[in-house]
Amino acid sequence: MAYKTIQVKTEGRVGVITLNRPEALNALCDELTTELSAALAGFEQDDGIGCVVLTGSKKAFAAGADIKELQARDQVSLLMNDPFAKTWESVARFRKPIIAAVSGYALGGGCEIAMMCDFIIASQTAKFGQPEINLGVMPGAGGTQRLPRAVSKAKAMDLCLTGRMMDAEEAERAGLVSRVVPAEDLMDVVMEAAETVAAKSLPVAMMTKETINRSFEVGLTEGILFERRVFQSQFSLEDQTEGMAAFAEKRAAHFKHR
Ligand code: DAK
């Protein structure tokens, strides 16, 4: 499929989606989020893909929703015809592992989409923020919910109420990003991480992701019970037999993703 606002490629078992609207710092216009959704749907159906990387340019992962498009909307149009609802959460709904590689600005919806990914690896140049309050609105794609879970209430309030940006070092200290690397190394480090994830058993990786995400939805007792049942179910996988046999035989495991 030919895309206009993103670039999509496959490297081995890793799918890479690059947001590509340089003229607007990858602002998330309707066309871009629709294309992103379609690309993710393609990777979800592709048995050859075990992990996806979502990235932008050196200058911007994404500077937020397209303000010029948003300007034309009113409450009723957002309520009755909300293209965002269908497309924006497609990253959060994606069931395979997905890593955000963030360089430059990740603001507003850009920060929210990065937070929908399973983890964020940032370059030293990354800048995160929820500046919607400067536009007379608040975050609307999960920022008020995912940010406090990621960085604490204090930091989320600070960012959402002042609209200030935080740099990569502060984001790592706060727990928003898993690693910070020099800008020139970002894609090498992220691709290595993605290839490592993609080489694991895909059903186990998917269950791991689902179970960790469940911890944000349910209480500890329910979560532990869910974990135990999912763990037990993994003993019906060929990959469990293979993984444990490989350890006992002192060889590398070759997972078949079933
Ligand atoms: N939208 C549209 N265009 C943008 C943009 C954006 N978010 N960000 C940058 N651009 C455009 C600029 O207008 C400029 O275009 P031209 O003027 O050259 O045509 C070009 O990108 C380069 O930007 P700058 O000239 O401003 O570049 P600087 O390096 O000087 O500044 C900046 C970079 C990132 C600090 C600045 O561009 C900036 O402050 N951008 C806006 C950041 C922002 O406020 N982001 C939050 C957007 S609101 C929803 C759910 C969620 C949302 C919406 C709806 N629903 C469920 C309904 C999310 C909302 C948001 O994200």
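What you see below is based on every heavy atom in this structure, not just the backbone, and it leaves out hydrogens, waters and symmetry mates. In each ligand, atom 1 is the first atom listed, and ligand 1 is the first ligand listed.
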Considering only heavy atoms, which of [options] lies nearest to [atom]?
| atom | options | answer |
| --- | --- | --- |
| atom 33 (C) of ligand 1 | Leu107, Leu25, Asp66 | Leu25 |
| atom 1 (N) of ligand 1 | Ile67, Ile113, Asn26, Leu70 | Ile67 |
| atom 40 (N) of ligand 1 | Gly109, Ala63, Ala106 | Ala63 |

Contact bool for [atom] (protein heavy atom, d < 4.0 Å):
| atom | value |
| --- | --- |
| atom 18 (O) of ligand 1 | no |
| atom 36 (C) of ligand 1 | no |
| atom 61 (O) of ligand 1 | yes |
| atom 44 (O) of ligand 1 | yes |
| atom 25 (O) of ligand 1 | no |

Out of all atoms in ligand 1, which are within 4.0 Å of some heavy atom of [X]? Include the element for each.
| X | answer |
| --- | --- |
| Lys59 | 29 (O) |
| Gly64 | 61 (O) |
| Glu23 | 15 (O), 20 (C), 21 (O) |

Write out the residue and atom name of the closest protein heavy atom to [atom], then the distance separating them to 0.1 Å.
| atom | value |
| --- | --- |
| atom 4 (C) of ligand 1 | Ala24 O, 3.9 Å |
| atom 31 (O) of ligand 1 | Tyr105 OH, 4.3 Å |
| atom 57 (C) of ligand 1 | Phe84 CD1, 3.3 Å |
| atom 56 (C) of ligand 1 | Gly140 O, 3.4 Å |

For residues [X] and [Y], determine if any side-chain heavy atom of one lies less than 4.5 Å from a side-chain heavy atom of the other.
| X | Y | result |
| --- | --- | --- |
| Ile17 | Gln7 | no |
| Leu202 | Pro97 | yes |
| Lys59 | Tyr105 | yes |
| Ser103 | Ser57 | no |
| Phe61 | Asn26 | no |

Region of Leu135 that comes within reach of ligand 1 [heavy atoms, distance under 4.0 Å]: side chain

Proximity to ligand 1 by part of Ala141, non-hydrogen separation under 4.0 Å: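 Near ligand 1, Ala141 shows its backbone as well as its side chain.
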
Basic-acidic side-chain contact under 4.0 Å: Glu170, Lys155: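 The answer is yes: the pair qualifies as a salt bridge.
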
Spacing of [X] atom [atom1] and [Y] atom [atom2] [to the nearest 0.5 Å]:
| X | Y | atom1 | atom2 | answer |
| --- | --- | --- | --- | --- |
| Phe255 | Leu237 | CZ | CG | 10.0 Å |
| Thr162 | Ile133 | OG1 | CD1 | 8.5 Å |
| Leu159 | Glu132 | CG | CD | 11.0 Å |

Backbone or side-chain N or O of Lys68 under 3.5 Å from ligand 1 N or O: yes

Heteroatom proximity flag, Ala65 to ligand 1, N/O under 3.5 Å: yes

Arg164 atom CZ, over 12 foreign heavy atoms within 6.0 Å: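 Yes, CZ of Arg164 has more than 12 neighbouring heavy atoms, counting only those of other groups under 6.0 Å.
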
Donor-acceptor side-chain pairing of Glu31 and Thr5 below 3.5 angstrom: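 Checked: Glu31/Thr5 side chains show no N/O donor-acceptor pair below 3.5 Å.
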
Donor-acceptor under 3.5 Å (Asp239 side chain, Arg258 main chain): yes

